[in-house]
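The structure appears below as structure tokens.
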Amino acid sequence: MQQRTAIVIGGGIGGLTAAVALHRQGWEVTVLERAASLEPVGAGIALAPNAQRALDTIGVGDAVRAMAGRQTEGEVRTRAAVGWPVRTTPRPYGASADPS
């Protein structure tokens with residue numbers, strides 16, 4: 001059987017996740033990234049529940065959870081609101097607004 005090959009453009013979260021998933025399915029994968037090296041930039045990311053399920057599917061969800069911090073509250077701000085919060089979430093992200 002001929003080896004299946006793929007080229008993934010971009011070494012960000014999406015590109016690396018796609019590369020891991022393809023590799024685990026037996027593909028030969030090359031990742032092309034324009035940056036000379038992948039370095040921490042001091043920024044955080046938020047993962048929606050469906051993104052975490054995708055990471056579970058490729059077997060890295062538990063490792064991500066082990067390094068994660070929990071978001072307990074947040075705000076949405078817009079330029080039109082001149083920096084004032086338009087919505088504040090004082091409960092854990094993803095928690096139901098109905099306490100019952």
Side-chain angles (χ1 to χ4, degrees):
M1 181 163 102
Q2 184 176 357
Q3 174 69 44
R4 296 180 295 177
T5 61
I7 297 174
V8 175
I9 308 299
I13 293 169
L16 293 177
T17 301
V20 168
L22 288 167
H23 179 72
R24 290 187 176 184
Q25 292 296 312
W27 288 64
E28 181 181 323
V29 181
T30 300
V31 177
L32 301 179
E33 170 57 47
R34 90 174 119 186
S37 64
L38 299 177
E39 302 289 332
V41 295
I45 61 167
L47 295 177
N50 60 340
Q52 187 63 50
R53 282 191 293 276
L55 295 174
D56 288 336
T57 299
I58 65 168
V60 298
D62 288 339
V64 170
R65 282 185 193 88
M67 295 184 290
R70 182 137 178 102
Q71 179 180 344
T72 58
E73 60 184 51
E75 293 180 348
V76 176
R77 294 176 181 251
T78 67
R79 186 175 292 185
V82 193
W84 290 95
V86 293
R87 188 177 109 193
T88 300
T89 308
R91 59 189 176 276
Y93 179 76
S96 172
D98 182 10
S100 58

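Just so you know, these numbers come straight off a predicted model, no measurement behind them. All values below were derived from every heavy atom in this structure, side-chain atoms included, with hydrogens, water molecules and symmetry-related copies excluded.
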Provide the closest heavy-atom pair for Ile7 versus Ile9 in the form atom of the first, atom of the second, distance.
CG2-CD1, 3.8 Å

For residues Ile45 and Val20: do they belong to one hydrophobic cluster (side chain heavy atoms under 4.5 Å, members Ile, Leu, Val, Met, Phe, Trp, Tyr)?
yes

Answer yes or no: does atom CD of Gln25 have more than 12 heavy-atom neighbours from other residues, nucleotides or ligands under 6.0 Å?
no

How close do Ala19 and Val31 get, heavy atom to heavy atom, and via which atoms?
CB-CG2, 3.6 Å

What I want to find out is whether Arg65 reaches Asp62 closely enough, with some N-O distance under 4.0 Å, to be called a salt bridge.
yes

Taking every non-hydrogen atom, the tightest pair across Leu22 and Ala6:
CD1-CB, 3.9 Å

Given the options Leu16, Val29, Thr17, Val8 meets side chain to side chain contact (heavy atoms under 4.5 Å, CB included) only with Val29

